[in-house]
Amino acid sequence: MTATLLDGKATAAEIKDELRTRVKALAERGVTPGLGTVLVGTDPGSQAYVNGKHRDCAEVGIASIRRELSADATQEQVDAVLAELNADPACHGYIVQLPLPAHLDTQRVLELIDPDKDADGLHPVNLGRLVLGYPGPLPCTPRGIVELLRRHDVALRGAKVAVVGRGNTVGRPLGLLLTRRSENATVTLCHTGTLDLASHTRAADIVIVAAGVPGLLTADMVTPGAVVVDVGITRVIGPDGKGRYTGDVDPEVAEVAGALVPMPGGVGPMTRAMLLTNVVERAERD
Ligand SMILES: Nc1nc2c(c(=O)[nH]1)N[C@@H](CN(C=O)c1ccc(C(=O)N[C@@H](CCC(=O)O)C(=O)O)cc1)CN2
């Protein structure tokens, strides 16, 4: 392997150490940051992610507020929980774990979150703030990617970045973050309608793949020495019949890239660290 691995797990641990110090400073002012989670149903993956968020909170001293509803909860019941968290001064930010059961209106639910308590940074108001360059909570995955690259001295200023995927949670907001004056990268946002994807990825100094297509980026699509970030996380059944997660980057890319943010151990842990960061930042503004 030629690529240097950029370790998201270790960097997230560093960030959690820093947050612990900030949480202690808040405690001296009598403030305890609080993160709320809303989980509807019993999907084992979602339960595991929510449990992980509360473990992270305990590690840094953030108070956990858990709300769990049954899989057949009505829209009115979910709305009532959001109203309660919006009004709760102990809750500085909260998330609704996705996906929601199909009978619930996800867009309505996300729009009912008070934008200033939107710990995921995905409320339309906050995406609008990002477009306009106004302050607000930033979406956790894009923010985590930029932070991971920054902490590994990957130069963004003047860099040509190909982002593959135009989803509202990663690709689109990431393009906005990378083109802020503070980052000053030049971004090509590629998607399923892009013709000759490889011509764009090959021209890039940094390739970030968030398409949800296992193995989409192959070694021949990467210029030698480029930095590659794997955001994909798709559950597949392996040849042994067991389920596992796989990324969007083919393993052979590691032989060509200069640096690689792997999956697992890259963007996922950084996303979790940014969720905590959004909550602490909100508490610091109190
Ligand atoms: N409201 C939200 N819902 C969902 C989000 C989200 O950010 N906000 N993202 C995913 C699930 N998720 C967090 O909720 C999440 C997924 C994966 C990871 C992670 O660290 N993955 C590991 C690899 C897989 C593993 O070992 O379990 C990694 O990348 O190293 C963290 C969080 C959908 N729902």
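We use all heavy atoms of the structure for the numbers below, so side chains are in, but hydrogens, waters and symmetry mates are not. One-based numbering, in listed order, for ligands and for the atoms of each.
- Looking at Thr188 and Lys160, their side chains never come closer than 4.5 Å, going by heavy atoms from C-beta outward.
- The 4.0 Å heavy-atom shell around ligand 1 contains residues Tyr49, Lys53, Val96, Gln97, Leu98, Asp120, Ile233, Tyr245, Met263, Pro264, Gly265, Gly268, Pro269, Arg272, ordered by chain and number.
- The side chain to side chain donor-acceptor pair (under 3.5 Å) pairs that include a residue from residues 228-240 number zero, where partners must be two or more places apart or lie in different chains.
- Here side chain to side chain donor-acceptor pair (under 3.5 Å) pairs that include residues 168-179, with residues two or more places apart or in two chains, number zero.
- For Leu127, the side chain to side chain contact (heavy atoms under 4.5 Å, CB included) test picks out Pro139, Pro173, with sequence neighbours left out.
- Between the side chains of His191 and Arg166, a donor-acceptor pair is found at a separation under 3.5 Å.
- Taking the side chain as every heavy atom from C-beta outward, Val261 and Ile145 never approach each other to under 4.5 Å.
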